[in-house]
Peer 1: 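One structure is given below, represented as structure tokens, and several questions about it will come after.
The basis for the numbers below is simple: all heavy atoms, side chains too, and nothing from hydrogens, waters or symmetry mates. A, B, ... follow the sequence lines: proteins, then strands. Residue 1 opens every chain.
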Amino acid sequence: QSEQKWRTKWDEAKSFATTQDSTREKYYVLEMFPYPSGRIHVGHVRNYTLGDVVARYKTAKGFNVIHPMGWDAFGLPAENAAIENNRHPAEWTHENIDAMRAQLKTMGLSIDWSREFATCDPDYYRHEQAMFLDFLERGIAYRKESVVNWDPVDNTVLANEQVVDGKGWRTGAPVERRTLNQWFLRITDYAEELLTEVKKLDKWPEKVRIMQENWIGKSQGLQFKWTICHPEHSEGSLNGGIDSSASPQNDILGEIEVFTTRPDTLFGASFVALAPDHPLSKELAGNKEGFEAFLKECQSTGTSEEAIAQADKLGFDTGYTATHPLLGREVPIYIANFILMDYGTGAIFGVPAHDQRDFDFATKYNLPILPVISSCHPEHSEGSQAGDRDSSASPQNDILSEAYLGDGHLMNSQWLDGLTIEEAKAEVIKRCEANNTGKGVTQFRLRDWGVSRQRYWGCPIPIIYCDDCGVVPVPKDQLPVELPKDISFDKPGNPLAHHPTWKNCACPKCGKDATRETDTFDTFFESSWYQFRYCDPRNESLPVAKDKAAYWMPKNGGVDQYIGGVEHAVLHLLYARFFTKAMRDCGYVDCSEPFTGLFTQGMVTHESYQDENGKWLFPSEVIKEGDTAKHAETGAPVKIRGIIKMSKSKKNVIDPQDIIDTYGADAARLFILSDSPPERDLEWSEAGIEGAWRFINKLYRVIIEVKDALPTDKPENFTEEEQKLRAIAHGAIDGVANDIEKFQLNKAVARIRELSNAITGFKGNASWAQREAIEILIRLINPMTPHLAEELWAELGHTEMLTATPWPVADESLLKTDTIQIGVQVNGKVRATITLAADASKDTAEQEALKAQGVIRALEGLQVRKVIVVPGKIVNVVAG
RNA sequence: GCGGGUGUGGCGGAAUGGUAGACGCUGCAGACUUAAAAUCUGUUGUCCGUAUGGACGUGCCGGUUCAAGUCCGGCCACCCGCACCA
């Protein structure tokens, strides 16, 4: 319709261009910027509509709002497109950006487009190269060996996403693990700060704070040493080879450093286990029969924690034993596939009775299960407790079916018996520290951030390797290290490494021939600091000028409202928090926390389908028949994979452009805000968009019809009908505002519809009160359907656009009510409703309640025992 | 496997421990129309009853409370994340 007209007017008036203005309070609204996949999807529409409502609302509330947009432009899909369609990633990406920008613009978002940038632009990534060099200098960046998924056929590194059921997605070859030298950022140095600060982010959803806390995973524990021994009685011929290798006189072969968060269960230890890639593993089992095969099996599991945790428990008996540091008992040393080298010391002692993984392992390898925690106190009679925990209450008699993880007191543990778990932990740590076998330590689950990627379409890591000088940073005046434009994807593997000349350069130190780092940064690198770049997007010498950062992202507050999908609850948000602190420590900014307020929207989900070969199908390719489905063309059976997150790779993405084209941006926006609460998942369906469209048309029609008849002068007195309408309208002002502040936009829409119903249902002559209500409605709906609101506002004779019009102010005197209706319950069941004066006393309420017909009927044959009156809420008559 | 979340009519959902189902979608009935669409009016949790009315009802089992969708304990189902998808 006429939506384009208003977008042009906003552009001409530069309505959304923001400038620094120290006289006004700033408000920074940011939605997670999109990856330019080609077309916007419903998730984008939801995300940017939410942000736009906030931005327009806060503008009306008088804030100096910054609401920018850009492109998270590096990433794997561009390379996949390059391989599949023989397109250059840059070309593909820029075309996508152009297409998506045009699409976003049709949504009528209040975005300051003058701040737009793409992260693949050298003017953007030169700054992160410079920051990386600073990180290197400060010791935040370092290099170490790390494991990757390796496709042995393509000779290429695979992303976890490219590993399907343990096989390479293109070759189908079983994936192996490879070790590469890679760059890391010391996020673990910030673990403590990241943890304490996240607890203070009170404008973040609690669930995200909890997820981050758990991810950082601070735990107190004991790190202590077990001595490695020969088994006293070498069992049969199994381990025949051992004796020859070490001196037969001395049983002590070394020590294993073990970390545990459960030192209290020390007496329940029945084995020690090492990570497969633990240095001692090779030493103890290196020449054993079957070890190679075992290692190979371990390496066939993917590198993701999920894959490792869900793999069947596998162990390899080294034939050695470890001596219990406090008990002198010997337990076997295993190498186990579920031990992670990255956590703790890469070695554990297993307590099968009180850890489920250890339990599964012990059951499989026939190791003893020794319960040391009893769920009942030792002073009480044992075994008397009934219920499903009795197996652990009297553990000696029963065979445990699972590990006992609950609370309780120590038993079977000599000098720990009777202590609580916490007391026992402290006691064990004390003893170990006293006899110098161990110490209490703090461990974090958080691992350092590996930022190296063996890919072309990312920011080059500004490092040069020289045979003589070693690792040499690229001098800052030589930045940016730009990606070569001519690139070939003919060979699998890292295209940059295959480029004939790009990596050749002179060593900045000695001038000799040297080689560039061909790895590029993880794309989370770009998205970790873009919130700063919007504040000063054209600055050539710095990521962001200090004064601009100080205004928009000051010390005590960053982005006021950040909005994006829950799927980013941990990784992106944690990396961005870390990066901000690292930037602060390098002197770029004063800000410590990038996102003061966070809202995580739910995912947009849709039905998804896979054919028998596991290939994803578009919903349009599928015909549903009750609970089964078949391919529309071939008729082959299709697997219904349920309602899952829309994702391009799963082909269940819906194109919202059709909806915008058919119904207009306002209808699309209103629809997406209407029903589902924003934090909840939204299952896509066509139904409902019509409703939004009808509502918009009706509103327009009704207002255009009456507008000329509405008086412009406020009368002295109002009729009862008019006062009723005014009360609803004024009540909606703060109601909608509160809903928006609390992101309950579905309720805000419902409230607006109630007001609309009151206006269209108004019985009486055209009056000023109607005009008042209509104008309030228009101003309240403006953040949601801005084109409609501007149009109607102009139709009502206003010359100033709504983008420059403040939020209305409610007349408090209209919000009071004289009478209220409350329910009366008899024994908790509602039997009547009574009408009372708003300030009625408890006694009055009780008397009125007992007079109500429904109450009298319900009390027949009963005696009133008690009457509970909750003023303004309810009366409950307790009778029996 | 571990961490986090969600579960309320035919559907999306609303409800500071206090009248469950606001607001909307769908359906049904009616008005207007030659007809259809659009629009307007009414109605729409289930069951019993002609009706006044009553019983049941917020994933399941149990508990606390005068009162539980809401709080507590135990389950079930589904969804998200798990460090190289973004």
Peer 1: Using atom CD of A/Gln601 as one end and atom P of B/G5 as the other, report the distance to the nearest whole Å.
Peer 2: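 Computing the A/Gln601:CD to B/G5:P distance gives 19 Å.
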Peer 1: Quick test of your reading of the model: are A/Arg445 and A/Glu213 salt-bridged, counting only N-O distances below 4.0 Å?
Peer 2: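 A salt bridge is absent here (no side-chain N lies under 4.0 Å from a carboxylate O).
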Peer 1: How is A/Arg701 classified with respect to the nucleic acid when contacts are heavy atoms under 4.0 Å: base, sugar-phosphate, or nothing?
Peer 2: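 Sugar-phosphate: the residue A/Arg701, judged by heavy atoms under 4.0 Å, touches backbone atoms but no base.
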Peer 1: Assess the side chains of A/Asp72 and A/Ser527: does a donor N or O sit below 3.5 Å from an acceptor N or O?
Peer 2: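 Short answer, no.
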Peer 1: Find which nucleotide of RNA chain B each of A/Gly823 and A/Val878 is nearest to by heavy atoms, and output the residue with the more 5' nucleotide.
Peer 2: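 The residue closer to the strand's 5' end, by nearest nucleotide, is A/Gly823.
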Peer 1: When you compare the side chains of A/Glu84 and A/Asn80, does any donor N or O come within less than 3.5 Å of an acceptor on the partner?
Peer 2: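 No, no side-chain donor-acceptor pair sits under 3.5 Å.
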Peer 1: Base, backbone or nothing for each nucleotide of nucleotides 22-33 of chain B, written B, S, -, heavy atoms under 4.0 angstrom, 5' to 3'?
Peer 2: BSSSS-------
Peer 1: Between the side chains of A/Ser674 and A/Asn746, does any donor sit under 3.5 Å from an acceptor?
Peer 2: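 No, A/Asn746 and A/Ser674 have no side-chain donor paired with an acceptor closer than 3.5 Å.
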Peer 1: Nearest to the side chain of A/Ala159, heavy atoms from C-beta on, is which of B/C85, B/G13, B/C40?
Peer 2: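 Nearest nucleotide to the side chain: B/C85.
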Peer 1: Heavy atoms only, 4.0 Å cut-off, all strands: where does A/Ser452 land among base, sugar-phosphate and nothing?
Peer 2: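 Counting heavy atoms under 4.0 Å across all strands, the contact made by A/Ser452 includes a base.
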Peer 1: For B/A68 and B/G63, measure between their C1' atoms and round to the nearest Å.
Peer 2: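 After rounding to an integer number of Å, I get 11 Å for this pair.
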Peer 1: Are A/Lys313 and A/Phe338 in a cation-pi contact, defined as NZ or CZ under 6.0 Å from the six-membered ring centre and within 45° of the axis?
Peer 2: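 Yes, a cation-pi geometry holds between A/Lys313 and A/Phe338.
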Peer 1: Within the 4.0 Å heavy-atom criterion, would you say A/Arg857 contacts the bases, only the backbone, or no part of the nucleic acid?
Peer 2: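 Touches sugar-phosphate only.
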Peer 1: Could you verify whether a donor N or O on one side chain and an acceptor N or O on the other, from A/Asn47 and A/Gln601, lie under 3.5 Å apart?
Peer 2: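 The answer is yes; a qualifying pair exists.
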Peer 1: What integer distance in Å separates A/Leu745:CG from B/A14:P?
Peer 2: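 Rounded to the whole Å, the gap is 12 Å.
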Peer 1: Rounded to the Å, how far apart are A/Asp358 CG and B/C2 P?
Peer 2: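 In whole Å, B/C2 P and A/Asp358 CG are 13 Å from each other.
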Peer 1: Counting the atoms with a prime plus P, OP1 and OP2 as sugar-phosphate, which does A/Gln454 contact under 4.0 Å by heavy atoms, base, sugar-phosphate, or nothing?
Peer 2: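 Base contact - A/Gln454 has a heavy atom under 4.0 Å of at least one base atom.
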Peer 1: For A/Glu206, answer base if it contacts any base atom (sugar-phosphate contacts may also be present), sugar-phosphate if it contacts only those atoms, and nothing otherwise; contact means non-hydrogen atoms under 4.0 Å.
Peer 2: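 It contacts nothing in the nucleic acid.
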Peer 1: Is the closest side-chain donor-acceptor distance between A/Trp449 and A/Asp522 under 3.5 Å?
Peer 2: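 Their side chains do contain a donor-acceptor pair, which is all the 3.5 Å distance test asks for.
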Peer 1: Just the rounded figure in Å: distance from P of B/A86 to CZ of A/Phe521.
Peer 2: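 Distance, rounded to whole Å: 15 Å.
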Peer 1: In whole Å, measure the gap between the P atoms of B/G59 and B/U52 for me.
Peer 2: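 Approximately 29 Å lies between the P atom of B/G59 and that of B/U52.
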Peer 1: When you measure from the centre of the six-membered ring of A/Trp150, is the NZ or CZ of A/Arg177 under 6.0 Å away and within 45° of the axis?
Peer 2: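 Pair A/Arg177/A/Trp150 does not count as cation-pi.
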Peer 1: How close or far is atom P of B/C85 from atom CD of A/Glu79, stated in whole angstroms?
Peer 2: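 Whole-Å distance recorded here is 13 Å.
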Peer 1: Scan A/Val208 against the nucleic acid and name what it touches under 4.0 Å (heavy atoms): base, sugar-phosphate only, or nothing.
Peer 2: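 No contact at all - A/Val208 keeps every heavy atom at 4.0 Å or more from the nucleic acid.
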Peer 1: When the distance from CD of A/Glu679 to C1' of B/G13 is rounded to whole Å, what number comes out?
Peer 2: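 Taking CD of A/Glu679 and C1' of B/G13, I get 11 Å after rounding.
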Peer 1: Determine the Euclidean distance between corresponding P atoms of B/C60 and B/G7; express it in Å to zero decimal places.
Peer 2: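 To the nearest whole Å, 13 Å.
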Peer 1: Find the distance A/Gln825:CD to B/G18:P and express it as a whole number of Å.
Peer 2: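 About 11 Å, once rounded to whole Å.
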Peer 1: When we call it a touch if two heavy atoms are under 4.0 Å apart, what does A/Phe524 touch: a base, just sugar-phosphate, or nothing?
Peer 2: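 The answer is base, as A/Phe524 lies within the cut-off (heavy atoms under 4.0 Å) of a base atom.
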Peer 1: Looking only at atom C1', what distance separates B/G3 and B/G13, rounded to whole Å?
Peer 2: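 Roughly 28 Å separates the two C1' atoms.
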Peer 1: Quick check for you: among B/G7, B/C66, B/C85, whose closest atom lies nearest to any side-chain atom of A/Glu161?
Peer 2: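 Nearest to the side chain of A/Glu161 among the choices is B/C85.
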Peer 1: Reckon A/Ser676 has a side-chain N or O less than 4.0 Å from the OP1 or OP2 of B/G13?
Peer 2: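 So the side chain of A/Ser676 is within the cut-off, an N or O lying under 4.0 Å from OP1 or OP2 of B/G13.
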Peer 1: My understanding is that a pair needs two contacts under 3.5 Å, Watson-Crick or G-U wobble. By that rule, which nucleotide pairs with B/G49?
Peer 2: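 B/G49 is unpaired by these criteria.
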Peer 1: Which heavy-atom pair separates A/Arg455 from A/Ala159 by the least distance, and what is that distance?
Peer 2: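 Closest approach of A/Arg455 to A/Ala159: NH2-CB, 3.7 Å.
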Peer 1: Please classify the nucleic acid contact of A/Pro34 as base, sugar-phosphate, or nothing, using heavy-atom distances under 4.0 Å.
Peer 2: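 It contacts nothing in the nucleic acid.
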Peer 1: Taking the same atom, C1', in B/G17 and in B/C72, what whole-Å distance lies between them?
Peer 2: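 Each nucleotide's C1' atom is 13 Å from the other's.
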Peer 1: Testing A/Tyr530, A/Phe74, A/Trp71 one by one against A/Phe33 for a ring-ring contact (aromatic ring centres under 6.0 Å, His included), which residue passes?
Peer 2: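 Of the listed options, the one satisfying the test is A/Tyr530.
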Peer 1: Roughly how many Å apart are B/U70 and B/C25, using the C1' atom of each and rounding to a whole number?
Peer 2: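 Roughly 26 Å separates the two C1' atoms.
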Peer 1: Both distances under 3.5 Å, Watson-Crick or G-U wobble: report the partner of B/C23, or none.
Peer 2: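 B/G12 - that is the nucleotide pairing with B/C23, both distances being under 3.5 Å.
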Peer 1: Need the glycosidic conformation of B/G13: syn if within 90° of 0, anti if not. Which one?
Peer 2: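 Here the answer is anti: the torsion falls beyond 90° from 0.
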Peer 1: Would you tell me if any nitrogen or oxygen in the side chain of A/Lys829 comes within less than 4.0 Å of OP1 or OP2 on B/C56?
Peer 2: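 So the side chain of A/Lys829 is within the cut-off, an N or O lying under 4.0 Å from OP1 or OP2 of B/C56.
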Peer 1: Need one value for A/Ile210: base, sugar-phosphate or nothing, where a base atom within 4.0 Å counts as base even if backbone is also close, heavy atoms only.
Peer 2: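 Sugar-phosphate, backbone atoms only, no base.
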Peer 1: Would you mind reading off the distance between A/Lys866 atom NZ and B/C66 atom C1', rounded to a whole angstrom?
Peer 2: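 The distance from NZ of A/Lys866 to C1' of B/C66 comes to 5 Å, rounded to the nearest Å.
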Peer 1: A/Ile874 side chain: which of B/U39, B/C84, B/U19 is closest?
Peer 2: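 Output: B/U19.
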Peer 1: Is it true that A/Trp204 and A/Gln212 share a donor-acceptor pair across their side chains at a distance under 3.5 Å?
Peer 2: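 A/Gln212 vs A/Trp204: no donor-acceptor pair found between side chains.
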Peer 1: Nucleotide by nucleotide, 5' to 3', does protein get under 4.0 Å of the base (B), only the sugar-phosphate (S), or neither (-) in nucleotides 77-83 of chain B, counting heavy atoms?
Peer 2: --SSSBB
Peer 1: Determine which nucleotide pairs with B/A86, using a 3.5 Å limit on both distances of a Watson-Crick or G-U wobble pair.
Peer 2: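 Checking every strand shown, B/A86 finds no partner, since no pair has both distances under 3.5 Å.
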Peer 1: Would A/Lys144 count as a cation-pi partner of A/Phe184, with NZ or CZ less than 6.0 Å from the six-membered ring centre and within 45° of the ring normal?
Peer 2: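 Yes; both conditions hold, so A/Lys144 lies above the ring face of A/Phe184.
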Peer 1: Both A/Ala309 and A/Thr523 contact RNA chain B. Which one's nearest nucleotide lies toward the 5' end?
Peer 2: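 First, find each residue's nearest nucleotide; the 5'-ward one identifies A/Ala309.
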Peer 1: Counting only Watson-Crick or G-U wobble pairs whose two distances fall under 3.5 Å, which nucleotide matches B/A77?
Peer 2: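 Checking every strand shown, B/A77 finds its partner in B/U6, with both distances under 3.5 Å.
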Peer 1: Do you know which two heavy atoms are closest between A/Trp457 and A/Glu79, and how far apart they sit?
Peer 2: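 Where A/Trp457 meets A/Glu79 most closely, the heavy atoms are N-OE2, 2.7 Å.
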Peer 1: Look through every strand shown and name the nucleotide pairing with B/G17 as Watson-Crick or G-U wobble, where both distances are under 3.5 Å.
Peer 2: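 Result: none.
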Peer 1: Roughly how far apart, to the nearest Å, are B/C47 and B/A37 at atom C1'?
Peer 2: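 B/C47 and B/A37 have their C1' atoms separated by 38 Å.
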Peer 1: A/Gln182 and A/Gln454: side-chain donor and acceptor closer than 3.5 Å?
Peer 2: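 Side-chain D/A pair, A/Gln182 to A/Gln454: present.
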Peer 1: Does the side chain of A/Arg831 get closer than 4.0 angstrom to OP1 or OP2 of B/G54 through an N or O atom?
Peer 2: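 The answer is yes; a side-chain N or O of A/Arg831 sits under 4.0 Å from OP1 or OP2.
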Peer 1: Under 3.5 Å for both donor-acceptor distances, Watson-Crick or wobble: does B/U65 have a partner, and if so which one?
Peer 2: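 Base partner found: none.
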Peer 1: Among B/A20, B/G54, B/G4, which is the nearest nucleotide to the side chain of A/Asn214?
Peer 2: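 Nearest listed nucleotide: B/G4.
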Peer 1: Taking atom C1' in both B/G21 and B/U8, what distance in whole Å separates the two?
Peer 2: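 My reading of the C1' atoms in B/G21 and B/U8 gives 8 Å.
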